[in-house]
Novice: 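My structure is below; once you've seen it, I'll send some questions.
We use all heavy atoms of the structure for the numbers below, so side chains are in, but hydrogens, waters and symmetry mates are not. Quantities reported herein were computed from a predicted structural model and do not represent experimental measurements.
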Amino acid sequence: GMGVEDNPSQNILQAAEIGLEKLVKDPRMKNLDRLGFGSQAMINDATIGIGLRIYTIPPQKILDEKAGLNLYTEAAPTTQWQFLVKTNGEAVSLLTVDRMGNQWQAVSIGSTGLAEQLKRIMESWPSSDGYE
């Protein structure tokens, strides 16, 4: 299901916060403008926003069209979570947290385009309507 149980745990949130410090706020990080942070002020203001669990659908299920695809029943939860990274109230990039061994870690930070898309999707389908 994709319901309330898909809220990130404290450990996952903590990994996202630590990831933000390491991948965005560390002064040694370069090229942050590519991730949507155009200024030091934007970097300073960056915070972790909403987190969503990533689901996958087995490619074979998609290829086997005649089976009729129900995205909800076929989607399998992965160990990955993606968090919107916001600055000045805008979603500028996406931070990915994954389970590494027995702990949660931020593994990557991604582009602004994806964050924008995700934000638009979330605005078109408010979670109050049950669309997570």
Novice: Looking at A46 and V24, what are the two nearest heavy atoms and their distance?
Specialist: CB-CG1, 4.2 Å
Novice: Would a 4.5 Å heavy-atom cut-off, applied to side chains only, mark V92 and F37 as touching?
Specialist: yes
Novice: So, for W104 and R99, which heavy atoms are closest and what is the spacing to 0.1 Å?
Specialist: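 Minimum heavy-atom separation between W104 and R99: NE1-NH1, 2.9 Å.
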Novice: With a 4.5 Å cut-off on side-chain heavy atoms, are T78 and Y55 touching?
Specialist: no
Novice: Does the side chain of I109 come within less than 4.5 Å of L35's, by heavy atoms?
Specialist: yes
Novice: Is the backbone N or O of N7 less than 3.5 Å from a side-chain atom of R53, with the two atoms forming a donor-acceptor pair by type?
Specialist: no
Novice: What distance do D45 atom CG and K86 atom NZ have between them, rounded to the nearest 0.5 Å?
Specialist: 10.5 Å
Novice: What's the separation between atom OG1 in T87 and atom CE in M42, rounded to the nearest 0.5 Å?
Specialist: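 CE of M42 is found 5.0 Å from OG1 of T87.
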Novice: Does the pair L23 and L95 meet the rule for a side chain to side chain contact (heavy atoms under 4.5 Å, CB included), with working shown?
Specialist: CA-CA 9 Å; L23 299 172; L95 182 79; 3.5 Å; yes
Novice: Can you tell me how far the CG atom of L13 sits from the CD1 atom of I18, to the nearest 0.5 Å?
Specialist: 11.0 Å
Novice: I need the minimum non-hydrogen distance between A91 and L84, along with the two atoms involved.
Specialist: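 Of all heavy-atom pairs spanning A91 and L84, the closest is CB-CD2, 3.9 Å.
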Novice: Going by salt bridge (charged side-chain N to carboxylate O under 4.0 Å, His left out), name the residues that satisfy it together with E90, two or more places apart in sequence or in a different chain.
Specialist: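 So E90 forms a salt bridge (charged side-chain N to carboxylate O under 4.0 Å, His left out) with K119.
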Novice: What are the two closest non-hydrogen atoms of G19 and A106, and how far apart are they?
Specialist: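 Nearest heavy atoms, G19 then A106: CA-CB, 3.4 Å.
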Novice: Could you report the tightest heavy-atom contact between M29 and K22, atom names first, then the distance?
Specialist: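 Smallest heavy-atom distance, with atoms named: CG-O, 3.5 Å.
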Novice: Which residues pass the side-chain hydrogen bond (donor to acceptor under 3.5 Å, both in side chains) test with N44, not counting sequence neighbours?
Specialist: Q40
Novice: Please check if any side-chain donor atom of Q82 sits under 3.5 Å from a side-chain acceptor atom of T96, or the reverse.
Specialist: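 Indeed, the side chains of Q82 and T96 share at least one donor-acceptor pair under 3.5 Å.
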